[in-house]
Amino acid sequence: GAGVSQSPSNKVTEKGKDVELRCDPISGHTALYWYRQSLGQGLEFLIYFQGNSAPDKSGLPSDRFSAERTGGSVSTLTIQRTQQEDSAVYLCASSLVVANTEAFFGQGTRLTVV
Amino acid sequence: AQSVTQLDSQVPVFEEAPVELRCNYSSSVSVYLFWYVQYPNQGLQLLLKYLSGSTLVKGINGFEAEFNKSQTSFHLRKPSVHISDTAEYFCAVSEVGRSQGNLIFGKGTKLSVKP
């Protein structure tokens with residue numbers, strides 16, 4: 001596609017349920033990033049992928065959060081046993097390679113945990 | 001570790017007035033510097049970036065920023081703003097030689113342009 005695509009655009013879930021957020025990067029982009037944007041916390045880096053591997057998972061806030069990428073393309077961010085503090089906008093970005101190239105952001109998934 | 005401080009959380013300004021959005025950073029290593037803009041209900045769009053070379057960087061929509069190494073600043077400026085510039089602006093850094101997508105962001109400045 002022309003840009004980074006994220007789905008769903010909005011997700012409301014009950015506390016304790018698991019959710020999956022999807023990111024389709026720009027075709028040919030080998031690097032993929034997940035960020036969380038929440039009130040009071042600003043934009044937080046969560047994880048990035050180089051191909052299918054994740055060299056840096058340092059930003060994942062707890063072991064309830066996990067992410068995978070298959071085929072060097074689509075990525076899924078999974079949050080297990082959601083809590084109200086997980087409510088945020090989850091942004092995905094991709095770039096051509098890891099180093100020295102611009103990252104392009106998707107429009108995000110707004111997650112609300114009730 | 002790096003950190004980014006955006007000193008103003010909100011900046012109201014009248015249309016056609018000049019504006020400056022302030023950004024200071026802290027880092028023990030060399031960094032790349034970025035400004036992103038986020039319009040309501042949209043993702044982030046890159047305005048401009050400083051990687052090396054000239055310290056005055058020009059970006060899209062008439063914005064520019066100047067890298068000042070001694071003051072560790074990267075302030076964003078526009079000589080005459082439009083209503084359509086109303087958005088949230090984020091300053092960010094990444095470590096030189098590493099991914100430009102692995103970014104440390106400031107908390108953002110909401111620019112509100114009034115007629």
Side-chain angles (χ1 to χ4, degrees), chain A residues 1-7 9-10 21 23-26 29-51 53-60 69 75 88-110, chain B residues 1-10 21 23-27 29-53 57-60 65 87-110:
Chain A
V4 177
S5 177
Q6 293 187 246
S7 60
S9 54
N10 281 283
L21 312 180
C23 174
D24 272 290
I26 293 172
H29 281 195
T30 60
L32 184 148
Y33 315 84
W34 283 98
Y35 285 85
R36 179 169 71 174
Q37 185 176 23
S38 53
L39 288 174
Q41 297 294 326
L43 277 151
E44 304 170 83
F45 168 79
L46 298 178
I47 187 172
Y48 93 88
F49 288 90
Q50 174 57 41
S53 65
D56 188 352
K57 303 180 182 179
S58 62
L60 293 177
R69 190 179 185 194
S75 177
V89 176
Y90 290 83
L91 291 167
C92 176
S94 70
S95 64
L96 196 56
V97 294
V98 170
N100 299 327
T101 57
E102 179 184 341
F104 294 84
F105 283 79
Q107 294 194 352
T109 293
R110 182 175 296 278
Chain B
Q2 298 95 41
S3 67
V4 178
T5 302
Q6 292 183 244
L7 296 164
D8 306 300
S9 59
Q10 296 189 50
L21 306 183
C23 173
N24 287 87
Y25 69 94
S26 172
S27 178
V29 299
S30 296
V31 295
Y32 299 132
L33 296 151
F34 306 82
W35 276 99
Y36 281 86
V37 60
Q38 186 176 37
Y39 298 102
N41 299 314
Q42 294 191 26
L44 296 170
Q45 181 182 5
L46 182 67
L47 269 181
L48 50 78
K49 60 183 176 182
Y50 173 79
L51 303 182
S52 65
V57 180
K58 294 189 182 298
I60 61 171
E88 190 159 18
Y89 293 79
F90 293 91
C91 181
V93 302
S94 68
E95 191 175 311
V96 169
R98 295 187 64 188
S99 166
Q100 288 186 23
N102 191 338
L103 296 158
I104 305 297
F105 284 91
K107 292 195 179 296
T109 298
K110 290 184 179 177

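Throughout, protein chains are lettered first and strands after them, A, B, ... in sequence-line order, and every chain is numbered starting at 1.
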Chemist: Are Leu103(B) and Leu43(A) packed together at the side-chain level, in the sense that at least one heavy-atom pair is separated by less than 4.5 angstrom?
Modeler: no
Chemist: What distance do Tyr35(A) atom OH and Phe105(B) atom CZ have between them, rounded to the nearest 0.5 Å?
Modeler: 5.0 Å
Chemist: Can you sort out the partners of Asp8(B) under side chain to side chain donor-acceptor pair (under 3.5 Å), two or more places apart, ordered by chain and number?
Modeler: Arg22(B)
Chemist: Could you tell me which residues satisfy ring pair (Phe, Tyr, Trp, His ring centres under 6.0 Å) with Tyr90(A), sequence neighbours excluded, listed by chain and number?
Modeler: none
Chemist: Tell me, side chain or backbone of Gln37(A) under 4.5 Å from chain B's heavy atoms, or both, or neither?
Modeler: side chain
Chemist: When you look at CG of Leu39(A), are more than 12 heavy atoms from neighbouring residues, nucleotides or ligands closer to it than 6.0 Å?
Modeler: no
Chemist: Between Gln45(B) and chain A, with a heavy-atom cut-off of 4.5 Å, which part of the residue counts as in contact: side chain, backbone, both or neither?
Modeler: neither
